[in-house]
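Here is the structure we will look at, set down as structure tokens.
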Amino acid sequence: MAHPPWSATDLRQEPVTTEEAPEPTAATVPYRFEPDASAAELAERFGELEAGTESGVTVTVAGRLMLRRVQGKLAFATLQDNSGPGADGRIQLFAPAATTPDFEGSAPALGDWIGVTGEVMTTRRGELSVRVDAWTLLAAARRAFPDKWHGLSDTDTRYRQRYVDLWVTEEARRTMLLRSRLVSLTRRWLEDRGFIEVETPVFHPIPGGGYARPFTTHHNALGTDLYLRIAPELYLKRLVVGGFPRVFEMARVFRNEGLSSRHNPEFTMLELYQAYGDYHDHMALTEELVAHLATELCGGTTITYQGRELDLAVPWRRATMTDLVDEQIGRRLDAATPTDELRAVCDEYELPWHDGDGPGMLLLEIYEKTTEAAQWQPVFVTDYPEEVSPLSRAHREVPGLVERFEAIVAGRELCNGFSELVDPDEQRTRFEAQARRRSGGDEEAMAVDEDYLRALEYGLPPTVGLGIGIDRLAMLLADAPSVRDVILFPTLRPEADPS
RNA sequence: GCGCCUCUAGCUCAACGGCAGAGCAACGGACUCUUAAUCCGCAGGUUCUGGGUUCGAAUCCCAGGGGGCGCACCA
């Protein structure tokens, strides 16, 4: 090799037709660069170096130039490479004119990516630095970076230009890193327990497994409409029928509904299914997984969310919907409560009801509007009305209810799980009830999925399933107020003119 | 979909019916130990868009657009 890897000299010396030296462009940066140290590693390794010391060690680092302090014939700069567990890695560059190549020439600009090779040293003030003995431009920033102190505050710009936000908003970087670790830890944790990760279709001929409006698309060659999945549930249970007793999927799902600080049209749902278990098993699994993640990511099971303390330590409280509603509004209501009485309660709390709503629908409505948001510490709400749970198995003791639970944390639904309905005849009856709602105008009700029924007819053993909202969980553990803070590129209206 | 708030230089923000400004960034200059370096100088605008009111509009009004928050929706 004629030049060290950081050198672009060979490229810059190509014949030029103009008298001026060419500006470095994307065409003049090297094809490859090989840093051998990061800011975090240097801090770790040379943290104890006394002020005014040269280490005798030469390293190559790379990153973006974020700050610059030119002092006549001596310049300091801050190179950021986002190394380290906090993704906040920065190292100072020390550049004396006497030894720094091209000091007076085309010095790098703020925002440029550069690679630097030089001796590790400390300044007289004791700041760990890399002396710039050689440097090369890796990418020029043609657009000005935001204010070096105030950064970006316009949320629109932050979401649309996340590639800038991630450099200037440490919080954003930290949050996204936490999310990445959350997903990684979850995978490992599940695999350690015998779950295998699978990928099921995003295109569904029949939308199912949830109660939501789907996005519709069209396949030209097949000449058929397809729906983007609203949940992977029905395919994952087919896999249990197929002989995989423990499966999970980190499923991006799509729901054609409103946007809010808690809803993005595409979001990530972890769904897992476990043969031979019931909903008690998955309540235990949920609390153990979340406590594990909190310990790994937040250093303990006591965390702060939006200024309020949350105790995620195992075990979490378990309470039936009936008991929780009773606690909140002082009435014992369940799926056997007469419809008239439930309607009267709805009226009392100014909740709209429809003629077609059965007791289960009304009870759920009352619970959600009066009780759910009032729960702060984690609680498993159990035993939902069958009417609103078309895929859940009937409660083994209480008629009209199913063995279903949701975990409510900080007033929000974190997950939803249930003992799965395994009886194909009963499932057909439930699907048909849904289909009646659907033809009655309820666009969110499910349709009859004949292939799913066929799968059940081959035999689904006792099974429990669970869906955890990964975005919600990330919000909780990252202490993020908006779901957009935990999604790298949240859904926004397309820009009219992005230039 | 409804309500409230918001939009000014690349970025962060002033000016609130009377000459569109500052800091940072950029550009020119001084400076060999800075830490958001400092200092001097220079340049930078469709005040989101279109109407209206007014002698005069960034400012007030109407309509539209982007964004935020709340409501509705999201079992």
Side-chain angles (χ1 to χ4, degrees), chain A residues 51-52 65-78 90-100 103 109-111 121-129 131 141-161 164-165 167-169 210-214 230-231 253-265 267 321 351-352 357-358 360-369 372 381 384-392 404 406 412-413 416 434 437 442-446 469 472 481-484 490 492-498:
Chain A
L65 198 68
M66 297 303 282
L67 295 170
R68 194 179 40 193
R69 302 172 287 280
V70 181
Q71 190 84 29
K73 298 294 180 200
L74 175 65
F76 301 89
T78 301
R90 289 181 160 203
I91 182 75
Q92 176 167 272
L93 303 178
F94 179 81
T99 59
T100 302
F103 185 90
L110 286 185
M121 49 155 299
T122 51
T123 60
R124 285 179 207 160
R125 294 283 179 85
E127 176 90 8
L128 184 65
S129 308
R131 191 181 62 227
R142 288 195 205 177
R143 293 179 184 252
F145 256 55
D147 187 289
K148 62 189 177 187
W149 186 245
H150 298 99
L152 281 176
S153 69
D154 182 56
T155 49
D156 186 45
T157 309
R158 289 190 52 215
Y159 299 148
R160 289 190 197 275
Q161 301 183 38
V164 178
D165 182 46
W167 280 103
V168 302
T169 312
Y211 202 77
R213 285 165 64 178
I230 56 175
V253 298
F254 309 86
R255 297 187 177 182
N256 204 343
E257 279 149 4
L259 295 79
S260 81
S261 57
R262 288 172 299 282
H263 301 89
N264 198 63
F267 61 101
M321 183 179 288
L351 305 173
D357 295 345
M361 203 72 153
L362 296 170
L363 173 59
L364 184 70
E365 179 72 7
I366 292 164
Y367 156 74
E368 285 185 336
K369 294 291 155 55
E372 186 172 281
V381 184
Y384 279 61
E386 180 183 304
E387 184 185 344
V388 294
S389 312
L391 302 168
S392 306
R404 173 179 167 190
E406 289 189 0
R412 294 176 195 161
E413 176 190 343
N416 180 18
Q434 285 287 308
R437 288 193 68 89
D442 184 350
E443 290 180 71
E444 290 159 349
M446 291 184 206
R472 298 271 176 92
S482 169
V483 74
R484 295 190 185 100
L492 299 171
R493 195 177 297 277
E495 271 179 289
D497 176 15

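In what follows, chains are A, B, ... by sequence order, proteins preceding strands, each numbered from 1.
Side-chain proximity of A/Thr155 to the nucleotides B/rC71, B/rG66, B/rG68 is greatest for B/rG68. When distances run from any side-chain atom of A/Trp149 to the nucleotides B/rA36, B/rG67, B/rA26, the shortest one goes to B/rA36. Counting only heavy atoms from C-beta on, A/Leu67 has its side chain closest to B/rA36 among B/rA36, B/rU32, B/rG70. In this structure, the nucleotide among B/rG70, B/rU32, B/rU35 sitting nearest to the side chain of A/Glu127 is B/rU35. The side chain of A/Phe94 sits closest to B/rC33 out of B/rC13, B/rC33, B/rG68. Out of B/rA25, B/rC71, B/rU32, the shortest distance to the side chain of A/Leu74 is found at B/rU32. Among the nucleotides B/rG10, B/rA36, B/rA75, the one closest to any side-chain atom of A/Arg255 is B/rA75. Set against B/rC69, B/rA75, B/rG10, the side chain of A/Ser261 has B/rC69 as its closest nucleotide. Distances from the side chain of A/Arg493 to the nucleotides B/rG67, B/rA26, B/rC11 place B/rG67 closest. Comparing atom distances between the A/Tyr211 side chain and each of B/rA26, B/rA75, B/rG67 picks out B/rA75 as nearest.
For B/rC55, the paired nucleotide is B/rG18, the pair qualifying as Watson-Crick or G-U wobble because both relevant distances are below 3.5 Å. When both distances must be under 3.5 Å, the Watson-Crick or G-U wobble mate of B/rU32 does not exist. Within the shown strands, B/rU49 is the pairing partner of B/rA63 under the Watson-Crick or G-U definition, both distances less than 3.5 Å. The base-pairing partner of B/rC71, taking Watson-Crick or G-U wobble contacts with both distances under 3.5 Å, is B/rG1.
Atom-to-atom distance recorded for A/Arg68:CZ and A/Phe76:CZ is 14.0 Å, nearest 0.5 angstrom. Atom CZ of A/Phe254 and atom CG of A/Asn264 lie 10.5 Å apart (nearest 0.5 Å). Residue A/Arg213 holds its CZ atom at 12.0 Å from CD1 of A/Ile230, rounded to the nearest 0.5 Å. In this structure, OG on A/Ser392 lies 7.0 Å from CG on A/Asn416, to the nearest 0.5 angstrom. A/Arg160 contributes atom CZ, which lies 10.0 Å from atom OG1 of A/Thr155 (distance to the nearest 0.5 angstrom). In this structure, A/Arg131 CZ and A/Phe94 CZ are separated by 8.5 Å, a value rounded to the nearest 0.5 Å.
A donor and an acceptor atom, one from each side chain of A/Gln92 and A/Arg69, are located under 3.5 Å apart. At a cut-off of 3.5 Å, with distance as the only test, no side-chain donor of A/Gln434 or A/Tyr211 sits close to an acceptor on the other residue. Inspection of the A/Arg404 and A/Ser389 side chains reveals an N or O donor paired with an N or O acceptor under 3.5 Å.
Rounded to the nearest Å, the gap between the P atom of B/rC55 and that of B/rG66 is 35 Å. With both ends at atom C1', the span from B/rG45 to B/rU32 equals 39 Å, rounded to whole Å. Comparing B/rC42 with B/rG29, their C1' atoms are spaced 10 Å from each other, to the whole Å. The separation of B/rA72 from B/rC11, taken at their C1' atoms, amounts to 36 Å, rounded to a whole angstrom. Across B/rA15 and B/rU59, the matching P atoms stand 15 Å from one another, rounded to whole Å. Straight-line distance between the P atoms of B/rC7 and B/rA30: roughly 41 Å, to the nearest whole Å. The P atoms of B/rA9 and B/rC4 are separated by 26 Å, rounded to the nearest whole Å. Across B/rU35 and B/rG28, the matching C1' atoms stand 25 Å from one another, rounded to whole Å.
A close approach under 4.0 Å does occur between a side-chain nitrogen or oxygen of A/Lys148 and OP1 or OP2 of B/rA37. Contact annotation: A/Arg143 does not reach the phosphate of B/rC11 (side-chain N/O to OP1 or OP2, under 4.0 Å). Contact annotation: A/Arg69 does not reach the phosphate of B/rU35 (side-chain N/O to OP1 or OP2, under 4.0 Å).
For the pair A/Arg160 CZ and B/rG66 C1', the computed distance is 7 Å after rounding to whole Å. If you take CD1 of A/Ile91 and P of B/rU35, they are 17 Å apart, rounded to a whole angstrom. In this structure, A/Leu259 places its CG atom 10 Å from P of B/rC69, rounding to the nearest Å. One atom, CG of A/Leu362, and another, P of B/rA75, lie 17 Å apart when rounded to the nearest Å. In this structure, CG of A/Leu110 is placed 10 Å from C1' of B/rA26, rounded to the nearest angstrom. Rounded to whole Å, atom P of B/rA75 lies 18 Å from atom CD1 of A/Ile366. In this structure, A/Arg262 places its CZ atom 12 Å from C1' of B/rA72, rounding to the nearest Å. Straight-line distance from the CH2 atom of A/Trp167 to the P atom of B/rA25: 19 Å, rounded to whole Å.
Base contact: A/Pro390 has a heavy atom under 4.0 Å from a base atom. Among the heavy atoms of the strands lying under 4.0 Å from A/Gly151 are primed sugar atoms or P, OP1, OP2 only; no base atom is included. Residue A/Arg484 is in sugar-phosphate contact alone, with no base atom involved, counting any heavy-atom pair closer than 4.0 Å across all strands shown. Contacts of A/Glu365 with the nucleic acid, taken as non-hydrogen atoms under 4.0 Å apart, are absent. At the heavy-atom level, A/Val168 lies nowhere under 4.0 Å from the strands shown. Nucleic acid contact class of A/Lys73 (heavy atoms, under 4.0 Å, all strands): base. Using a 4.0 Å heavy-atom cutoff across all strands shown, A/Arg412 reaches no nucleic acid atom at all. Base contact: A/Leu364 has a heavy atom under 4.0 Å from a base atom. Contact annotation for A/Arg68: backbone-only contact, meaning every heavy-atom pair under 4.0 Å involves sugar-phosphate atoms and none involves a base. Among the protein residues, A/Ser153 comes within range of the sugar-phosphate backbone only, with heavy atoms under 4.0 Å from sugar or phosphate atoms but none that close to a base.
The 5' end of RNA chain B is approached more closely, in terms of each residue's nearest nucleotide, by A/His150 than by the other of A/His150 and A/Gln71. Judged by closest nucleotide on RNA chain B, A/Pro146 is the one of A/Phe76 and A/Pro146 placed further toward the 5' end.
With hydrogens and angles ignored, a donor-acceptor pair closer than 3.5 Å exists between the side chain of A/Asp147 and the base of B/rG23.
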